[in-house]
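Contents: one structure, followed by commentary.
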Amino acid sequence: MLADTGVTIRQADADDAVNGVRTRWVALPETVEEISAVLRACAEKDLAAVPAGGGTKLHWGAPPERCDVLIDMCCMNSLIEHAAGDLVVRAQAGLTMDALAAALAEKGQELALDPPFTEHTTVGGTLATATAGPRSFRYGTARDLLIGITVVLPDGTIARSGGRVVKNVAGYDLGKLFTGSQGTLGVIAEATFRLHPLPADRRWLVATTESSAGPSDDVLLRLAASQAEPSAVEIDCPDGKEATVAVLVEGSAAERRALALREVLGEGTVTAEAPDWWGLILRDDVLLEVRFPPARAAGALAAAAEAGFAFRGSAAAGRAYLELWGEVSEEELAAAVTRLRERFEALGGRLNVLATPYEGVDRWGQVSGLPLMRRVKERFDPGRRMSPGRFLGGI
């Protein structure tokens with residue numbers, strides 16, 4: 001049946017496994033219509049499909065209940081349209097973010113997202129996992145910068161919303177639904193984004209404390225609210241012993257504005273180079289994402305340090321990743337996640353486990369919107385063929 005679609009199909013091997021689950025075939029579509037043909041064939045034969053981009057985050061989320069077809073988007077890697085005068089770009093989902101950045105930079109523009117990996121991260125993967133980088137504080141997340149999307153639904157229907165609308169699914173904002181859906185609603189094929197001019201200059205103010213406490217909440221809030229208009233306020237605490245705060249200033253008079261922020265912070269070095277850890281995820285065998293009120297950043301940092309996790313993220317936006325560098329058993333990790341989740345909920349935040357090798361770890365905790373999310377899944381994928389079980393609540 002798959003061979004009849006006209007799409008390039010190959011037998012899967014061990015490297016094509018999705019979070020430990022072996023797949024049978026790999027489809028390599030080159031057009032939106034070819035994605036549609038693959039999903040129609042999957043629907044006819046009740047085959048489960050999982051979309052994949054560069055593979056940097058394919059081990060995030062729960063293992064799929066089943067995976068018959070891996071839809072590899074590597075061949076859909078074109079920049080379709082760059083309307084520089086309108087600050088808009090449309091790209092295929094398999095285009096890597098670094099290739100997109102290089103093309104936009106030639107016209108003095110950028111997509112103000114900061115992928116957490118230096119290579120292979122794709123447009124589709126960035127949207128499907130809703131990863132947010134340091135500058136989300138100023139520019140917003142992928143969901144905010146997305147203005148149009150083309151998706152292929154599990155029955156093969158091609159649907160578009162936002163810019164250049166051809167067909168919509170009545171009552172749904174497809175861009176918002178598919179961003180962060182981890183491939184459980186369909187396949188992201190193309191995306192249209194709002195761009196920004198490349199800043200004329202950039203400066204980072206960097207200061208390291210001798211303890212894991214970092215700057216006080218009051219200082220962090222004053223930095224974020226400063227008239228110097230920082231684009232990001234990040235904290236890195238890799239070992240629970242010392243914390244580094246880095247503040248990014250972009251645009252005109254960046255040096256002068258960074259020096260003004262140093263008066264607020266009370267210390268630090270102004271540099272034209274980003275810290276080597278800036279915006280990156282360095283190890284994600286075990287990876288947690290935490291959200292918290294920006295006014296409780298010091299408490300979030302302390303909770304991570306006490307639990308033995310490295311902390312890296314945005315104090316200004318109230319979002320961070322926690323990495324675990326040491327070895328830990330399933331029982332130890334499950335207990336640590338439970339304690340940390342309680343701490344972050346007490347701060348008014350929440351904790352999600354993005355990646356773990358253990359199935360006994362509660363990845364999501366209590367999610368108040370789960371009934372609604374299940375209804376959306378039923379509406380889009382009643383046959384449970386798209387990445388079944390990958391998302392929260394077994395969606």
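Position 1 is the first residue of the sequence, and the numbers go up from there. Remember, predicted model here, so these are calculated numbers, not experimental data.
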Please report the shortest heavy-atom distance between [X] and [Y], naming the atom on each side.
| X | Y | answer |
| --- | --- | --- |
| Gly175 | Leu146 | CA-CD2, 3.6 Å |
| Gly251 | Pro199 | N-CB, 3.8 Å |
| Leu39 | Leu153 | CD1-O, 3.3 Å |
| Arg390 | Thr184 | CB-CG2, 4.1 Å |
| Asp68 | Ala48 | OD2-N, 2.7 Å |

Can you confirm whether [X] sits close enough to [Y] that some side-chain heavy atom of one is under 4.5 Å from a side-chain heavy atom of the other?
| X | Y | result |
| --- | --- | --- |
| Glu323 | Arg312 | yes |
| Gln109 | Val89 | no |
| Leu301 | Cys237 | yes |
| Glu359 | Pro63 | yes |
| Met386 | Phe380 | no |

| request: Check the hydrophobic clustering (I, L, V, M, F, W, Y; side-chain heavy atoms under 4.5 Å; chains of links allowed) and say if Phe309 and Phe311 are grouped together. | output: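 Phe309 clusters together with Phe311.
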| task | Indicate the ring-plane relationship of Phe292 and Phe344, choosing parallel, tilted or perpendicular according to the 30° and 60° boundaries. | result |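 Ring orientation, 0 to 90° scale: tilted.
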| Any idea how Trp60 and Tyr321 line up, ring-wise: parallel (<30°), tilted (30 to 60°), or perpendicular (>60°)? |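 Tilted, since the angle between the ring planes falls between 30° and 60°.
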| field | All side-chain contact (heavy atoms from CB on, under 4.5 Å) counterparts of His59, not counting sequence neighbours | value |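 For His59, the residues satisfying side-chain contact (heavy atoms from CB on, under 4.5 Å) (neighbours in sequence not counted) are Asn19, Asp284, Ala355.
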| field | Residue list, side-chain contact (heavy atoms from CB on, under 4.5 Å) with Asp285, at least two apart or on another chain | value |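 For Asp285 the side-chain contact (heavy atoms from CB on, under 4.5 Å) partners, ignoring immediate neighbours, are Arg283.
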| said: To the closest 0.5 Å, what do you measure between CD1 (Ile149) and CG (Leu174)? | reply: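 Output value for this atom pair is 7.0 Å.
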| query | Salt bridge check: are Glu65 and Arg384 linked by an N-O gap of less than 4.0 Å? | reply |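 A salt bridge is present here (some side-chain N lies under 4.0 Å from a carboxylate O).
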| Is the shortest distance from a Lys or Arg side-chain nitrogen in Arg341 or Asp362 to a carboxylate oxygen in the other one below 4.0 Å? |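 The answer is yes: the pair qualifies as a salt bridge.
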